[in-house]
Student: 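Before anything else, here's the structure in question.
The structure displayed is predicted, hence computed values, not measured ones.
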Amino acid sequence: MEELDCEPAVTWIPGVNSKKKQMCFDWGPGEMLLCETSFNKTDKSEKVPSCPFIYIIRKDVDVYSQILRKLFNESHGIFVGLQRLEEELSGKSRKAQLVRVSKNYRSVIRACMEEMHQVAIAAKDPASGRQFSSQVSILSAMELIWNLCEILFIEVAPAGPLLLHLLDWVRLHVCEVDSLSADVLGSDHPSKHESFWNLVTVLVLQGRLDEARQMLSKEADASPSSAGMCRVLGDLMRTMPILSPGNTQTLTELELKWQHWREECERHLQDNTFAANPHLESLCKIMLGDEATLLEQKELMSNWYHFLVTRLLYSNPTVKPTDLHLYAQSSLDMFLGGESSPEPLDNILMAAFEFDIHQVIKECSFGSNMREFLLLEYASGLFAHHSLWQLGVDYFDYCPELGRVSLELHIERIPLNTEQKALKVLRICEQRQMTEQVGSICKILAMKAVRNNRLGSALSWSIRAKDAAFATLVSDRFLRDYCERGCFSDLDLIDNLGPAMMLSDRLTFLGKYREFHRLYGEKRFGDAASLLLSLMTSQIAPRSFWMTLLTDALPLLEQKQVIFSAEQTYELMRCLEDLASRRPECGEPDAQRLQDDDIETTKVEMLRLALARNLARAIIREGSLEGS
């Protein structure tokens with residue numbers, strides 16, 4: 001049973017005194033019916049209950065909220081629609097559809113959050129107002145996390161567009177600037193408003209440079225002495241290079257332009273262009289990504305991830321997704337400055353920036369089930385040991401929420417040093433129907449076997465992994481070895497492939513070709529000839545192996561009795577001429593090439609002669625049979 005990380009809240013039933021009256025209850029799905037009985041141990045004369053009501057005690061009251069029920073119903077519709085689309089989604093259309101679905105989910109959350117916010121403002125009861133405000137905070141955090149995960153895991157935005165998405169993310173979730181702008185612009189003299197420079201600074205911090213330029217123009221109109229400086233800074237804002245949607249310039253071009261623009265900003269700062277106005281000078285330093293100046297604006301940014309995005313905008317606008325976590329961690333450390341510890345939300349966002357989606361889920365779930373969290377942590381610690389990891393498997397098995405996912409992640413990181421250890425891991429995965437991990441382990445073992453030239457073991461593992469491509473590769477190695485050595489290795493395995501040979505065409509050919517040799521060894525020449533011909537005419541045999549097959553036909557063509565019929569001989573002739581006509585012609589031949597060509601030509605001539613003799617014999621024999 002789930003264990004909570006805190007004591008459950010005590011629910012007081014009005015009018016009920018459990019010390020005097022005995023209570024009865026009945027459990028239901030997610031709720032409990034509670035009432036007072038007329039039975040009284042202390043005073044048997046009193047039969048009338050003092051609280052003649054039935055109370056419903058609910059565990060999760062959120063599902064009964066009218067506003068949240070809209071969220072549940074609308075998100076359910078999105079979910080069902082997604083499941084129906086799942087089979088049709090593929091490639092680029094799949095990504096676009098998933099982004100659309102994710103945005104639909106977020107729009108439903110935001111609509112619910114805004115409605116809840118209005119209800120919280122209008123609430124007359126302070127307790128109800130606090131409850132609604134708490135739910136607004138939860139929904140806001142949900143949408144914040146979801147939006148970031150959408151950018152990083154669904155959009156998978158590359159360097160360049162990544163920053164544009166992050167800017168939109170910050171602007172959407174740090175929206176105090178809109179109310180501030182309304183206050184300033186609503187005044188008679190905006191440039192004289194006490195929050196004017198705060199507004200301009202916030203606009204620059206969020207990369208809203210066009211709006212910042214408009215505000216500077218108001219300052220220039222109101223203060224002629226600052227007009228020149230405002231115009232210079234406005235021009236710097238206007239010319240700042242940024243990769244806009246639909247822009248065809250490359251990242252290299254953007255970086256070169258951005259570097260030139262940055263040098264221009266530094267030149268104005270060094271020339272003291274803005275020295276007469278500390279506000280403008282501070283804005284120029286922000287645009288240069290000066291970290292000390294940025295940290296002076298902590299109150300205006302309000303959180304570390306706003307600081308992170310602003311820092312990237314003005315210091316590394318083409319940041320790669322793989323470098324995000326480094327900037328995120330340093331930004332968090334700089335913003336907190338050792339004065340406070342990260343909040344749970346900070347840990348969730350940090351896990352997202354580290355591209356650890358499972359850690360995001362884990363951090364979001366923490367607190368609801370302390371037992372599972374502790375078991376997951378303990379099992380993860382056991383997996384760090386070279387042999388105790390086997391104990392950790394059982395702990396993951398008894399974590400119903402994240403145990404399976406965690407086990408899959410940890411299993412993939414176990415070093416398969418020995419085949420015995422690999423077999424243990426494989427058995428664990430097979431017992432739990434972990435198909436993907438089984439395939440991955442078998443492929444790793446197959447690759448190791450190929451590197452050690454243990455082709456039989458490699459083929460066995462590739463069949464177990466059901467990896468057609470790798471089975472084809474190993475089959476080619478078997479055939480190449482046969483051409484070089486004149487015999488097969490691991491005959492027991494090849495002879496007993498059974499239905500597994502259908503995994504790939506090349507593996508089918510290997511099995512059938514070995515069967516041809518077995519039939520030939522048993523002197524079942526007719527069956528062997530038919531099988532050999534079918535391998536060539538069915539196109540299963542690789543063209544590079546045709547000459548070997550035709551050479552294998554020579555002993556059958558030279559038998560005393562006629563093995564190949566006239567029709568079969570014509571088919572062999574067609575294959576031979578087809579092969580001879582498609583021989584590649586390369587540049588200047590060397591001595592080795594000339595020698596190989598001579599050998600090949602000799603083989604072709606021998607085959608032509610043998611086929612011609614066999615054709616004559618077959619025609620005579622078949623004519624004699626018809627005459628008799």
Student: Which heavy atom of G234 sits nearest a heavy atom of L216, and at what distance?
Tutor: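 In this case the closest contact between G234 and L216 is N-CD1, 4.4 Å.
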Student: I'd like to know whether NE2 of H165 has more than 12 heavy-atom contacts from other residues, nucleotides or ligands below 6.0 angstrom.
Tutor: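 More than 12 within 6.0 Å, yes.
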Student: Given side chains that start at C-beta, do those of V170 and L308 come closer than 4.5 Å, heavy atoms only?
Tutor: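 Heavy-atom side-chain distance check fails, nothing below 4.5 Å.
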Student: Any chance the side chains of N277 and E281 put a donor and an acceptor closer than 3.5 Å?
Tutor: no
Student: Looking only at non-hydrogen atoms, find the nearest pair between P400 and E372 and report the distance.
Tutor: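 Heavy atoms of P400 and E372 come nearest at CD-OE1, 3.2 Å.
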Student: Hey, does the side chain of S330 reach the backbone of Y327 with a donor-acceptor pair shorter than 3.5 angstrom?
Tutor: yes
Student: Do any N or O atoms from the side chain of S217 and from the backbone of Q214 form a donor-acceptor pair under 3.5 angstrom?
Tutor: yes
Student: Would you name the heavy atoms of M301 and T310 that are closest together and state the gap between them?
Tutor: SD-OG1, 4.3 Å
Student: Is it the case that the side chain of S107 and the backbone of N104 share a donor-acceptor pair, with hydrogens and angles ignored and the cut-off at 3.5 Å?
Tutor: yes
Student: Could you walk me through whether L332 and F353 pass the side-chain contact (heavy atoms from CB on, under 4.5 Å) check?
Tutor: CA-CA 12 Å; L332 175 61; F353 283 122; over 6 Å; no
Student: Using a 4.5 Å cut-off on heavy atoms from C-beta on, say whether the side chain of T318 contacts that of L162.
Tutor: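 Result no, sub-4.5 Å side-chain heavy-atom pair not found.
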Student: Could you check whether E253 pairs with K257 (Lys NZ or Arg NE/NH1/NH2 to Asp/Glu carboxylate O, under 4.0 Å)?
Tutor: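 K257 and E253: not salt-bridged.
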Student: Taking the side chain as every heavy atom from C-beta outward, state whether L163 and N316 have any atom pair closer than 4.5 Å.
Tutor: no
Student: Do side-chain atoms of R171 reach the backbone of G207 as a donor and acceptor pair under 3.5 angstrom?
Tutor: yes
Student: With a 4.0 Å cut-off on N to O distance, would you call K218 and D221 a salt bridge?
Tutor: no
Student: With rounding to the nearest 0.5 Å, note down the distance linking OG in S315 to CH2 in W258.
Tutor: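 CH2 of W258 is found 6.0 Å from OG of S315.
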Student: Distance from S102 atom OG to F153 atom CZ, nearest 0.5 Å?
Tutor: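 Reported to 0.5 Å precision, the distance equals 12.0 Å.
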Student: I want to check something: taking the side chain as every heavy atom from C-beta on, are W261 and L236 in contact at a cut-off of under 4.5 Å?
Tutor: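 Yes, side chains in contact.
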Student: How long is the straight-line distance from CG of L402 back to CD of Q359, given to the nearest 0.5 Å?
Tutor: 9.5 Å
Student: Got a sec: does the CD of E194 have more than 12 other heavy atoms crowding it under 6.0 Å?
Tutor: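 12 or below, so no.
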Student: Looking only at heavy atoms, which two atoms of V204 and Y314 are closest? And how far apart?
Tutor: O-OH, 2.6 Å
Student: Please verify the inter-ring angle class for F335 with F307; under 30° counts as parallel, over 60° as perpendicular, anything in between as tilted.
Tutor: tilted
Student: Can you check side-chain contact (heavy atoms from CB on, under 4.5 Å) on L209 and I242, steps first, answer last?
Tutor: CA-CA 11 Å; L209 299 183; I242 191 163; over 6 Å; no
Student: Can you tell me how far CD of E219 sits from OG of S226, rounded to the nearest 0.5 angstrom?
Tutor: 5.0 Å
Student: State, yes or no, whether a side-chain contact exists between F396 and H410 at a heavy-atom distance under 4.5 Å.
Tutor: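 F396 vs H410: side chains touch.
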Student: Taking S406 for its side chain and G403 for its backbone only, find out whether a donor-acceptor pair lies under 3.5 Å.
Tutor: no
Student: Check the pair Q437 / I428 against side-chain contact (heavy atoms from CB on, under 4.5 Å), numbers first and verdict last.
Tutor: CA-CA 10 Å; Q437 284 68 31; I428 287 168; over 6 Å; no
Student: Just verifying a value: how many Å separate H325 NE2 and F355 CZ, rounded to the nearest 0.5 Å?
Tutor: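 These two atoms lie 10.0 Å from each other.
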Student: Which label fits Y305 and W169: parallel for a plane angle under 30°, tilted from 30 to 60°, or perpendicular past 60°?
Tutor: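 Rings of Y305 and W169: tilted, 30 to 60°.
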Student: Do side-chain atoms of T201 reach the backbone of W197 as a donor and acceptor pair under 3.5 angstrom?
Tutor: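 At least one qualifying donor-acceptor pair exists.
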Student: Taking atom OH of Y105 as the centre, does the number of heavy atoms from other residues, nucleotides or ligands within less than 6.0 Å exceed 12?
Tutor: yes
Student: Backbone N or O of R213 within a donor-acceptor pair of the R238 side chain at under 3.5 Å?
Tutor: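 Between the backbone of R213 and the side chain of R238 there is no qualifying donor-acceptor contact (under 3.5 Å).
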Student: Just wondering, do I145 and E363 contact through their side chains at under 4.5 Å, heavy atoms?
Tutor: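 No - every pair of side-chain heavy atoms lies 4.5 Å or more apart.
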Student: Would L166 and L324 count as a side-chain contact (heavy atoms from CB on, under 4.5 Å) here? Give the steps.
Tutor: CA-CA 11 Å; L166 291 177; L324 262 184; 4.1 Å; yes
Student: Testing the 3.5 Å rule here: is there a donor-acceptor pair between the side chains of E255 and Q259?
Tutor: no
Student: Keeping the roles fixed (side chain from H189, backbone from S191), state whether a donor-acceptor pair exists under 3.5 Å.
Tutor: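 Not a single qualifying donor-acceptor pair exists.
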Student: State whether a side-chain donor-acceptor pair under 3.5 Å links H173 with E143.
Tutor: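 Result is yes, a qualifying pair exists.
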Student: Would you say the side chain of M334 lies within less than 4.5 Å of the side chain of R311, judging by non-hydrogen atoms?
Tutor: yes
Student: Could you grab the distance from atom CD of E343 to atom CG of L336, nearest 0.5 Å is fine?
Tutor: 9.0 Å
Student: Give the minimum heavy-atom separation between C265 and C284, together with the two atoms involved.
Tutor: O-SG, 3.8 Å
Student: Which pair of non-hydrogen atoms, one from F132 and one from A120, has the smallest distance, and what is that distance?
Tutor: CB-CB, 3.6 Å
Student: Around R404, counting heavy atoms of other residues, nucleotides and ligands shown, do more than 12 lie under 6.0 Å from its CZ?
Tutor: yes
Student: Would you say the side chain of E74 lies within less than 4.5 Å of the side chain of C112, judging by non-hydrogen atoms?
Tutor: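 Result no, sub-4.5 Å side-chain heavy-atom pair not found.
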